[in-house]
Enquirer: 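What follows is a structure written as structure tokens; I'll ask about it next.
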Amino acid sequence: MRRIIQRLIAAIVLSIGIVAAAVGTSYGQDKVVRIGYQKYGKLVLLKSKGTLEPKLAADGYKVVWTEFPSGPPLLEALNVGAIDFGNTGEAPPIFAQAAGAPIQYVAYEPPAPKGEAILVPKDSPLKSVADLKGKKVALNKGSNVHYLLVKALEKVGVKYSEIEPVFLAPADARAAFERGAVDAWVIWDPFQAAAEAATGARTLTDGTGIVANYQFYFSSKKFLEANPKIVDAVLAELSSVDDWAKGDIHAVAAQLAPAIGLSVPVVEVALKRQAYGIRPITDAVIADQQQVADAFFALNLIPKSIKISDVARKPGS
């Protein structure tokens with residue numbers, strides 16, 4: 001009985017602590033911006049530069065960073081309220097919106113079509129995308145390369161149903177690719193550059209003339225409505241980091257390489273294929289993204305038709 005009472009007291013104390021923390025936050029104490037980032041990209045640069053924290057501290061906000069292996073789990077975290085802000089490629093938000101996630105597009109980077117590709121082993125007999133018919137193709141489900149594969153197949157007259165997609169995260173896909181368990185791998189930088197350097201992988205096609213390969217920045221709808229100036233402050237610091245990055249790619253590669261476990265030359269290759277500029281969402285970009293959504297719906301990859309304009313930040317908001 002004594003143990004039961006002690007446990008009940010401990011539970012009550014814990015509950016009081018949780019409630020107190022929630023109340024403290026609601027009254028503006030310890031306000032937090034929770035940012036989701038991936039191992040590569042402008043957000044990881046912003047994190048390492050450390051310039052955002054003092055900017056937001058002036059408004060009473062702290063910054064909490066959480067790393068994700070790819071875009072889909074990052075947006076799932078945003079969906080369940082675990083983060084407030086993050087970025088992904090063009091496909092993950094399509095799946096997230098179709099699942100009802102409260103995302104809001106707030107900015108984008110210009111197209112970087114060379115930053116993703118369909119790779120085959122250097123000694124592969126496959127010579128073109130058309131040769132993928134009937135083959136096993138590894139990719140991260142719901143990522144930006146999912147759309148590249150769909151459109152590249154469409155361009156050469158091969159149906160998506162005529163290949164065998166093997167859904168694997170980048171590390172597992174690399175292993176499967178190297179041991180010959182899959183015939184091709186659709187992947188993005190810097191994994192793309194790393195595979196080329198380490199294995200001599202050949203490119204059947206990159207996104208040039210096929211897809212834009214945008215990078216998008218997102219906030220949760222709730223956070224954007226409550227904190228539009230904080231979102232703007234994050235985007236302003238991202239723009240500053242972006243300006244620095246495009247002006248000194250070697251320095252950026254040297255800073256990123258240890259964190260992502262790749263050599264400086266490999267990271268430089270990836271950075272040179274990246275796009276630069278953090279820009280507000282435009283009608284033209286919304287239209288391009290709508291094409292992605294419509295293509296996925298036509299293939300039954302998402303359960304319902306969606307409108308990108310419904311979740312795009314309106315000017316002045």
Side-chain angles (χ1 to χ4, degrees), residues 18-68 71-90 92-93 96-97 100-110 214-246 275-282 285-286 289 308-317:
I18 292 171
V19 171
V23 171
T25 300
S26 68
Y27 279 94
Q29 299 171 6
D30 296 328
K31 294 182 291 186
V32 175
V33 182
R34 300 164 301 167
I35 299 178
Y37 69 99
Q38 298 178 55
K39 212 175 240 321
Y40 176 77
K42 306 294 171 52
L43 279 174
V44 75
L45 283 176
L46 179 58
K47 179 179 182 292
S48 64
K49 291 284 277 186
T51 57
L52 181 63
E53 285 79 356
K55 292 282 187 181
L56 296 190
D59 291 308
Y61 283 79
K62 295 180 180 179
V63 182
V64 174
W65 299 89
T66 303
E67 183 179 323
F68 294 86
L74 186 153
L75 288 182
E76 177 55 27
L78 191 146
N79 179 31
V80 299
I83 62 171
D84 307 304
F85 186 93
N87 85 298
T88 75
E90 58 205 355
Q97 184 182 353
I103 62 172
Q104 291 284 296
Y105 291 77
V106 296
Y108 78 101
E109 294 178 17
Y214 288 111
Q215 287 291 312
F216 288 103
Y217 293 90
F218 302 92
S219 173
S220 69
K221 182 177 182 181
K222 180 179 179 181
F223 189 83
L224 178 62
E225 289 177 348
N227 306 279
K229 291 183 179 179
I230 299 303
V231 171
D232 289 338
V234 175
L235 293 173
E237 284 305 303
L238 273 169
S239 292
S240 295
V241 167
D242 183 271
D243 288 342
W244 166 68
K246 68 183 177 185
Y276 295 89
I278 310 296
R279 302 176 180 177
I281 299 297
T282 66
V285 170
I286 291 173
Q289 190 69 345
I308 303 301
S309 58
D310 289 345
V311 294
R313 186 183 192 183
K314 306 301 187 290
S317 65

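When reading the values below, keep in mind they use all heavy atoms of this one structure, side chains included, and skip hydrogens, waters and symmetry mates.
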Enquirer: Aromatic rings Tyr108 and Phe216: how do their planes relate, parallel, tilted or perpendicular, breaks at 30° and 60°?
Expert: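 Plane angle between 30° and 60°, so tilted.
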Enquirer: Testing the basics here: between Gly100 and Asn79, what is the closest heavy-atom pair and its distance to 0.1 Å?
Expert: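 Scanning both residues, the minimum pair turns out to be O-OD1, 4.3 Å.
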Enquirer: Just how far is it from atom CG of Asn87 to atom CG of Leu43, taken to the nearest 0.5 Å?
Expert: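 With rounding to 0.5 Å, CG (Asn87) is 4.5 Å from CG (Leu43).
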Enquirer: With side chains defined as the heavy atoms from C-beta onward, is the minimum distance between Phe68 and Tyr37 less than 4.5 Å?
Expert: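 Phe68 vs Tyr37: side chains apart.
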Enquirer: Could you tell me the separation between the CG atom of Asp59 and the NZ atom of Lys229, rounded to the nearest 0.5 Å?
Expert: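 Asp59 CG to Lys229 NZ: 8.5 Å, rounded to 0.5 Å.
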Enquirer: Quick one: pull up CZ in Phe218 and CG in Leu75 and give me the separation to the nearest 0.5 Å.
Expert: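 It comes to 5.5 Å.
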Enquirer: I'd like to know whether NZ of Lys246 has more than 12 heavy-atom contacts from other residues, nucleotides or ligands below 6.0 angstrom.
Expert: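 Count over threshold, so yes.
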Enquirer: Can you confirm whether Val234 sits close enough to Tyr217 that some side-chain heavy atom of one is under 4.5 Å from a side-chain heavy atom of the other?
Expert: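 The answer is no; the side chains never approach within 4.5 Å.
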Enquirer: If I take atom CH2 from residue Trp65 and atom CD1 from residue Ile35, how far apart are they, to the nearest 0.5 angstrom?
Expert: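 It is 4.0 Å, given to the nearest 0.5 Å.
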Enquirer: Looking only at non-hydrogen atoms, find the nearest pair between Pro93 and Gly89 and report the distance.
Expert: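 Closest heavy-atom pair between Pro93 and Gly89: CD-O, 3.2 Å.
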Enquirer: When you look at Thr51 and Leu46, which way does the side-chain contact (heavy atoms from CB on, under 4.5 Å) test go after all the steps?
Expert: CA-CA 7 Å; Thr51 57; Leu46 179 58; 3.6 Å; yes
Enquirer: Test your reading of the model: is there a side-chain donor-acceptor pair from Lys221 to the backbone of Ser219, 3.5 Å cut-off?
Expert: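 Looks like no, no N/O pair under 3.5 Å.
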Enquirer: Please tell me if the side chains of Pro110 and Arg279 come closer than 4.5 Å, counting only heavy atoms from C-beta onward.
Expert: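 They are in side-chain contact.
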Enquirer: Look only at the side chain of Gln38 and the backbone of Gly86, and say whether a donor-acceptor pair between them is shorter than 3.5 Å.
Expert: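 No; zero donor-acceptor contacts below 3.5 Å.
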Enquirer: Show your reasoning for whether side-chain contact (heavy atoms from CB on, under 4.5 Å) applies to Leu56 and Lys31.
Expert: CA-CA 10 Å; Leu56 296 190; Lys31 294 182 291 186; over 6 Å; no
Enquirer: Going through the checks in order, is the salt bridge (Lys or Arg N to Asp or Glu O under 4.0 Å) test met by Glu237 and Lys49?
Expert: CA-CA 10 Å; Glu237 284 305 303; Lys49 291 284 277 186; over 6 Å; no
Enquirer: Where is the tightest heavy-atom contact between Ala107 and Leu235, given as atom of each residue plus distance?
Expert: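 Where Ala107 meets Leu235 most closely, the heavy atoms are CB-CD2, 3.7 Å.
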Enquirer: Hey, is Asp232 close enough to Arg313 for a salt bridge, meaning N to O under 4.0 Å?
Expert: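 Salt bridge: yes.
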Enquirer: Between Leu78 and Pro102, which heavy-atom pair has the shortest distance, and what is it?
Expert: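 That would be CD2-O, 4.1 Å.
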Enquirer: Enter the distance from Glu109:CD to Tyr214:OH here, rounded to the nearest 0.5 Å.
Expert: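 Reported value, rounded in 0.5 Å steps: 12.0 Å.
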Enquirer: Only one of Val63, Ile230, Leu238 forms a side-chain contact (heavy atoms from CB on, under 4.5 Å) with Phe85, so which one is it?
Expert: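 The passing option is Leu238.
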Enquirer: Looking at Val32 and Val64, what are the two nearest heavy atoms and their distance?
Expert: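 For Val32 versus Val64, the nearest heavy atoms are CG1-CG2, 3.6 Å.
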Enquirer: For the atom pair CD (Gln215) and CD1 (Ile278), what is the distance rounded to the nearest 0.5 Å?
Expert: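 Taking CD in Gln215 and CD1 in Ile278, the distance rounds to 9.5 Å.
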Enquirer: What pair of heavy atoms forms the shortest contact from Ala312 to Ile286, and how long is it?
Expert: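 Residues Ala312 and Ile286, closest heavy atoms: CB-CD1, 3.6 Å.
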